[in-house]
Amino acid sequence: MKETYVFLADGFEEVEALTCVDVLRRAGMPVTTVSINPGLEVTGAHGVTVLADSLYDDNDYTDAEWLVLPGGIPGAPNLAAHEALCRELVAQDERGGRVAAICASPAVVLAPLGIIAGREAVCYPGMEQGIEGVNWADGPVAVDGNVVTGNGPAAAAPFALALVAQSLGADAARQVADGMLLQ
């Protein structure tokens with residue numbers, strides 16, 4: 001199975017990032033956390049410091065299963081400011097590769113890149129204000145083609161399970177959810 005990359009920037013939303021990593025790994029999907037910082041240590045929005053698996057330049061993303069962006073402030077703006085990551089996200093989408101973003105990242109990262117233009121998407125409530133050309137939906141998670149978006153920390157598990165369902169099927173997602181005692 002192809003590798004999934006979860007990008008971490010200082011100020012990332014810990015629940016969104018780590019829940020996604022955990023759920024995907026429970027499903028047997030290979031996941032690499034990627035620091036866009038100069039070093040492997042990344043500190044989340046709530047002061048939790050994690051050690052990423054790799055640095056941005058350590059990986060070849062051209063055959064990725066998913067490129068995943070947690071939210072958080074200033075995490076999402078920090079991701080948006082990383083030019084190489086933004087170029088890779090656009091290239092991934094253009095080749096039909098899978099892209100996922102939650103919380104602030106759909107509005108702060110994906111929308112300015114045009115990745116969710118004309119698509120159904122969700123983001124943290126209020127972040128969509130002033131962003132046109134996106135079909136902003138209600139609900140915790142939106143799936144539109146190769147793009148999955150989530151609206152915030154409470155949606156972290158359903159968001160991650162949507163990625164599992166897209167990659168491995170609904171039965172695999174249901175098995176992971178059942179094992180986690182999720183309804």
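Atoms considered below: every heavy atom in the structure, side chains included; atoms not considered: hydrogens, waters and symmetry mates. Residue numbers run from 1 in the order of the sequence given.
The same ILVMFWY cluster, assembled from side-chain heavy atoms under 4.5 Å apart, contains both Leu163 and Val31. At a threshold of 4.5 Å between side-chain heavy atoms, the hydrophobic network of Ile, Leu, Val, Met, Phe, Trp and Tyr places Ile73 and Val42 in two separate groups. Taking hydrophobic clusters as Ile, Leu, Val, Met, Phe, Trp and Tyr residues chained together by side-chain heavy-atom distances below 4.5 Å, Val141 does not share a cluster with Tyr124. No chain of hydrophobic side-chain contacts below 4.5 Å, direct or via other Ile, Leu, Val, Met, Phe, Trp or Tyr residues, connects Leu18 to Ile36. When the side chains of ILVMFWY residues are joined at heavy-atom separations under 4.5 Å, either directly or via intervening members, Leu24 and Val99 end up in two distinct hydrophobic clusters.
Side chain of Asp60 to main chain of Thr62: a donor-acceptor pair is present (N/O by atom type, distance under 3.5 Å, no hydrogens or angles). In this structure a side-chain-to-backbone donor-acceptor pair under 3.5 Å is present from Ser35 to Gly39. Between the side chain of Glu128 and the backbone N or O of Gly126, at least one donor-acceptor pair lies under 3.5 Å.
Using a 4.5 Å cut-off on side-chain heavy atoms (C-beta onward), Val6 and Val34 make no contact. A heavy-atom distance below 4.5 Å is not found between the side chains of Thr33 and Phe12.
When the side-chain hydrogen bond (donor to acceptor under 3.5 Å, both in side chains) test is applied to Glu65, the partners found at least two apart in sequence or on another chain are Arg98, Ser167. Legend: residues meeting side chain to side chain contact (heavy atoms under 4.5 Å, CB included) with Leu67, ordered by chain and number and at least two apart, are Tyr5, Phe7, Tyr61, Ala64, Glu88, Leu89, Gln92. Partners of Asp22 according to the salt bridge (Lys or Arg N to Asp or Glu O under 4.0 Å) rule, which considers only residues two or more places apart in sequence or in another chain, are Arg26.
Defined by atom type and a distance below 3.5 Å, a donor-acceptor pair is missing between the side-chain atoms of Arg95 and Asn146. Counting only N and O atoms by type, the side chains of Thr32 and Asp53 include no donor and acceptor under 3.5 Å apart.
Under a 4.5 Å side-chain heavy-atom cut-off, the cluster of Ile, Leu, Val, Met, Phe, Trp and Tyr residues that includes Leu55 is completed by Leu40, Leu51.
The two residues Ala142 and Ala121 have their closest heavy-atom pair at CB-CA, 3.9 Å. Of all heavy-atom pairs spanning Ala9 and Gly75, the tightest one is CB-O, 3.7 Å.
To the nearest 0.5 Å, the span separating CG on Asn135 from CD1 on Ile116 amounts to 9.5 Å. To the nearest 0.5 angstrom, Arg119 atom CZ is 12.5 Å from Trp136 atom CH2. In this structure, the separation between CG on Leu79 and CG on Leu8 is 8.0 Å, given to the nearest 0.5 Å.
Within the structure, every pair that satisfies the ring-ring contact (aromatic ring centres under 6.0 Å, His included) test and touches residues 63-117, not counting sequence neighbours, is listed here: Tyr56-His82. The list of salt bridge (Lys or Arg N to Asp or Glu O under 4.0 Å) pairs with a residue in residues 142-160, not counting sequence neighbours, is empty. Here salt bridge (Lys or Arg N to Asp or Glu O under 4.0 Å) pairs that include residues 2-18, with residues two or more places apart or in two chains, are Lys2-Asp63. Among pairs with a residue in residues 161-183, none fulfils ring-ring contact (aromatic ring centres under 6.0 Å, His included), at least two apart in sequence or across chains. Annotation: ring-ring contact (aromatic ring centres under 6.0 Å, His included) contacts involving residues 27-55, sequence neighbours excluded, are absent.
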List the steps, then state whether side-chain contact (heavy atoms from CB on, under 4.5 Å) holds for Val48 with Thr43. CA-CA 6 Å; Val48 178; Thr43 301; over 6 Å; no
Stepwise, does the side-chain contact (heavy atoms from CB on, under 4.5 Å) test hold for Leu168 with Met29? CA-CA 9 Å; Leu168 303 176; Met29 295 173 63; 3.8 Å; yes
Determine, step by step, whether Leu182 and Leu161 satisfy the side-chain contact (heavy atoms from CB on, under 4.5 Å) criterion, reporting the C-alpha distance in whole Å, the side-chain angles of both residues, the deciding distance to 0.1 Å, and the verdict. CA-CA 10 Å; Leu182 294 171; Leu161 290 166; 3.9 Å; yes
Donor-acceptor pairs are to be reported for all side-chain atoms of residues 147-159 against protein atoms at under 3.5 Å, with residues two or more places apart or in another chain.
residue: Thr149; atom: OG1; partner: Val122; partner atom: N; Å: 3.0
residue: Asn151; atom: ND2; partner: Gly139; partner atom: O; Å: 3.2

Which donor-acceptor pairs under 3.5 Å do the side chains of residues 173-181 make with protein atoms, sequence neighbours left out?
residue: Arg174; atom: NH2; partner: Asp171; partner atom: OD1; Å: 2.6

Could you pull out all donor-acceptor pairs under 3.5 Å where a side-chain atom in residues 101-111 meets a protein atom, sequence neighbours excluded?
residue: Ser105; atom: OG; partner: Pro70; partner atom: O; Å: 2.7

